[in-house]
Amino acid sequence: MKHPLTALFCIALCSFSIAQRSTLDILENQIARLDDHSGGQIGVGIHHLESGLELIYHEGVPFPMASTYKIPIAIKLLQRVEAGELTLDSLITIQASDLHPGSGTLTTLFDDPGVILSVRNLMELMMLISDNSATDLCFKLAGRAEGINSMLAEAQISNISVDRPTSILIGEWLGVDIEDPDGNITMDEFMAKLGAVSDEDQDRAKDAFSANIQDQSTPEAMVKTLKMLWSGELLNDQHTHLLLDIMYRCQTGNNRLKGMLPPDTPVAHKTGTIGGTTNDVGIVDLPDEQGHVIVVCFVKDSSIEIPDREKIIAHVARAAYDYFLFKK
């Protein structure tokens, strides 16, 4: 039996050796092994904000953003606030047709029309708990697809687009056709349409979902979006701080980017989930003034259960965290 000090020395020597051998190639190999276990395909973007060191896995491949597309919606919404076109205190009356399927609480808590919420309330519901009804109102307030995609084009962020409200996006996945371009439909109308869709048509719709180029992003496009947000290139200091503060308080996806990080590691992030897609994208704070790391992890067309996909995302985040923490 080895002396305890000898064992500790061996562990320290091994850790030092791993740190010395660490390169982006080794990190990429770790991600490739995780891809093999994803049940589909993963897209990863890792960018150390202070050094500029970056790794993109599956560069140029588009992935469904699901609810991670709420980040560019929030950015454009805040740009309109900065331009004086609306205020965060502007009040919005919730109508029955504004209550949409999917994640969040508006549909269950406010099932009667006439509730009034501020733009700030709606944005926080969209980002903190991924409320889809709040998102579709923010989507309209942000200028719909034209306004959001014009913002991305002006920022020279290519290979990313926000094209549909969540009600239409979810409807497409389920085989439900929503004719209103703003996705306005009551829950009763949506459920009636869903009931008329055959199981075969639903299966075909789900199989085709990730092939639709709408509402997709490459890993590098999302990395660039988060990088420009962090650096203040998209919003002024006040609204940059506001949006990042909301993202640091995100209440969804504790088993994704945060899942294997040390407890209480600050992460400003946004999750997304639909069908075979499970995502988390954000900025991880490193300890001891080692900086901040953008980690984007998209999973699409996955046949494994969501908790197992979340473990893949957690492993990606931990690999990035360890690489930049121990890299010398």
Side-chain angles (χ1 to χ4, degrees), residues 10-63 65 68 159-160 217-231 253-263 265-272 277-302 304 308-328:
C10 290
I11 292 170
L13 183 61
C14 180
S15 299
F16 179 79
S17 175
I18 291 171
Q20 288 297 99
R21 290 189 295 106
S22 290
T23 68
L24 284 176
D25 288 341
I26 291 176
L27 182 57
E28 185 169 9
N29 288 338
Q30 288 179 277
I31 294 168
R33 287 194 293 272
L34 292 168
D35 193 13
D36 291 339
H37 296 282
S38 69
Q41 186 178 39
I42 65 173
V44 173
I46 296 170
H47 179 98
H48 186 252
L49 282 159
E50 285 71 21
S51 69
L53 201 59
E54 180 174 282
L55 167 66
I56 305 295
Y57 181 81
H58 279 147
E59 182 175 1
V61 176
F63 289 80
M65 285 187 284
T68 66
N159 298 318
I160 180 174
S217 174
T218 60
E220 63 269 27
M222 185 59 77
V223 165
K224 186 173 183 180
T225 302
L226 291 170
K227 178 185 173 185
M228 294 183 72
L229 170 63
W230 180 268
S231 63
N254 286 333
N255 294 324
R256 299 186 189 184
L257 291 183
K258 292 182 174 183
M260 293 184 181
L261 298 179
T265 298
V267 182
H269 69 119
K270 183 71 197 77
T271 57
T277 288
T278 302
N279 304 329
D280 202 0
V281 307
I283 300 164
V284 178
D285 290 12
L286 297 174
D288 304 322
E289 299 183 351
Q290 294 292 321
H292 308 80
V293 182
I294 292 172
V295 182
V296 168
C297 191
F298 296 133
V299 182
K300 71 174 180 178
D301 298 327
S302 180
I304 63 177
D308 295 322
R309 300 177 212 165
E310 292 182 324
K311 290 177 184 176
I312 296 290
I313 295 172
H315 277 292
V316 168
R318 184 66 199 223
Y321 179 93
D322 287 347
Y323 175 80
F324 287 104
L325 186 61
F326 297 114
K327 181 180 181 297
K328 301 296 181 182

Within-4.5 Å side-chain heavy-atom neighbours: P287 and L325: yes

Pair H315-Q30, side chain to side chain contact (heavy atoms under 4.5 Å, CB included): steps then yes or no: CA-CA 9 Å; H315 277 292; Q30 288 179 277; over 6 Å; no

Set of side chain to side chain donor-acceptor pair (under 3.5 Å) partners for D322, sequence neighbours left out: R318

H37 and K311, any side-chain heavy atoms less than 4.5 Å apart: no

Atom pair CD/CG of E50 and L286 - distance to nearest 0.5 Å: 8.0 Å

For V44 against V316, the heavy-atom pair lying closest together: CG1-CG1, 3.8 Å

Side chain to side chain contact (heavy atoms under 4.5 Å, CB included) partner of D280, chosen from V299, T68, T271, V295: T271

K224 side, atom NZ; I160 side, atom CD1 - distance, nearest 0.5 Å: 11.0 Å

Under the side-chain contact (heavy atoms from CB on, under 4.5 Å) test, residues paired with I294 that sit two or more places apart: H47, L49, V223, L226, K227, I283, V296

Partner of T278 under side-chain hydrogen bond (donor to acceptor under 3.5 Å, both in side chains), chosen from R309, R256, E310: R309

Contact summary for N255 and A314, nearest pair of heavy atoms: O-CB, 3.7 Å

Within-4.5 Å side-chain heavy-atom neighbours: V284 and F324: no

Close side-chain approach of N29 to R33, heavy-atom, < 4.5 Å: yes

Plane angle bin for F63 and F298 - parallel if under 30°, tilted between 30 and 60°, otherwise perpendicular: parallel

A320 backbone acceptor or donor facing H48 side chain under 3.5 Å: no

Derivation and outcome, side chain to side chain contact (heavy atoms under 4.5 Å, CB included), residues I46 and Y57: CA-CA 9 Å; I46 296 170; Y57 181 81; over 6 Å; no

Steps toward side chain to side chain contact (heavy atoms under 4.5 Å, CB included) verdict (L55, I31): CA-CA 10 Å; L55 167 66; I31 294 168; 3.7 Å; yes

